[in-house]
Amino acid sequence: MRSALTALLGREDDLEVSGSSWRAAVGQGGTLRPHVCVVDVECAGATMLGPLIGLVRRATGSAAALLVLATGTRPGLLRRAFDAGALGYVSKDAGPQRLLDGIRQVAAGERFVDESLAFGFLQAAEMPLTSRELSVLRLAAEGATIAEIARNLHLSLGTVRNYMSAITRKTGARNRVDAIRISQHAGWV
């Protein structure tokens, strides 16, 4: 998919396009110094969105604008992209011209939001978890124990237990595993 998208966008006279995996993006970002980074928030590796964009921005020495490809079915991913500082949002179901319009608008420093993602954004605004609760939940979803989460986030065991309790309550889950399932389905983790 990345290769096809790179080839399609590369046909445009006013765009210079390079495609890379999540792992290679940081190195390429430092070398190429992109004006716009287009990322698919629903692919493998997207959990690295915030840290990746931060690393690319530090490596380039500038604020490369972030444009995300997403669907409105996982509002948590839209929220994470917003929290990571995304300037543009294009539906994965949109046509190529819509993506080109989004890239050009974001390159000009303007916000671009595909109207088909509006309902997903409304749902994302209702996400009940704080960023700290999401950090705890992401580690729990990766299989970390309470002690490992506490150590990783520099929290006490009791604080992690309190966060897990709040997460379970806020998601309407029966237990930790159910909270992870609900949150993954919504795209929060």
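FYI, side chains are in, hydrogens and waters are out, and symmetry mates aren't considered; it's all heavy atoms of this structure.
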E12 meets the salt bridge (charged side-chain N to carboxylate O under 4.0 Å, His left out) criterion, sequence neighbours left out, with R104

L87 CG to L67 CG distance, which is reported to the nearest 0.5 Å: 8.0 Å

Where is the tightest heavy-atom contact between T171 and S183, given as atom of each residue plus distance? CG2-OG, 3.8 Å

In Å, rounded to the nearest 0.5 Å, how long is the span from NZ of K92 to CG of L117? 11.5 Å

First locate atom CZ of R151, then atom CD1 of I146, and finally report the distance between them rounded to the nearest 0.5 Å. 12.0 Å

Tell me if a side-chain donor or acceptor on R111 pairs with a main-chain N or O of A86 at a distance below 3.5 Å. yes

Please report the shortest heavy-atom distance between N175 and D178, naming the atom on each side. OD1-N, 2.8 Å

Side chains of V90 and I103 in contact at under 4.5 Å (non-hydrogen atoms): no

Closest approach of A179 and I167, non-hydrogen atoms and distance? CB-CG2, 4.0 Å

Looking only at non-hydrogen atoms, find the nearest pair between L157 and A150 and report the distance. CD2-CB, 3.9 Å

What are the two closest non-hydrogen atoms of E148 and G143, and how far apart are they? OE1-O, 4.1 Å

Taking the side chain as everything from C-beta on, heavy atoms only, tell me whether S116 gets closer than 4.5 Å to D93. no

Of all the heavy-atom pairs spanning A70 and L78, show the shortest one and how long it is. CB-CD2, 3.8 Å

Mind jotting down which residue pairs meet the side chain to side chain donor-acceptor pair (under 3.5 Å) criterion with at least one end in residues 157-170? Sequence neighbours excluded, please. E133-K170, S156-T159

Determine whether L134 and I182 fall in the same hydrophobic cluster, where Ile, Leu, Val, Met, Phe, Trp and Tyr are linked whenever their side-chain heavy atoms lie under 4.5 Å apart. no

Euclidean distance, N152 CG relative to R138 CZ, rounded to 0.5 Å: 12.5 Å

Is the shortest side-chain heavy-atom distance between L8 and L99 below 4.5 Å? no

Tell me every residue that passes salt bridge (charged side-chain N to carboxylate O under 4.0 Å, His left out) with R98, counting only those two or more places apart in sequence or in another chain. D114, E115

Walk me through it: do L9 and L100 pass the test side chain to side chain contact (heavy atoms under 4.5 Å, CB included)? CA-CA 8 Å; L9 295 174; L100 288 167; 3.5 Å; yes

R181 and V177: CA distance, side-chain angles, deciding distance, side chain to side chain contact (heavy atoms under 4.5 Å, CB included) verdict: CA-CA 6 Å; R181 182 191 55 75; V177 173; 5.7 Å; no

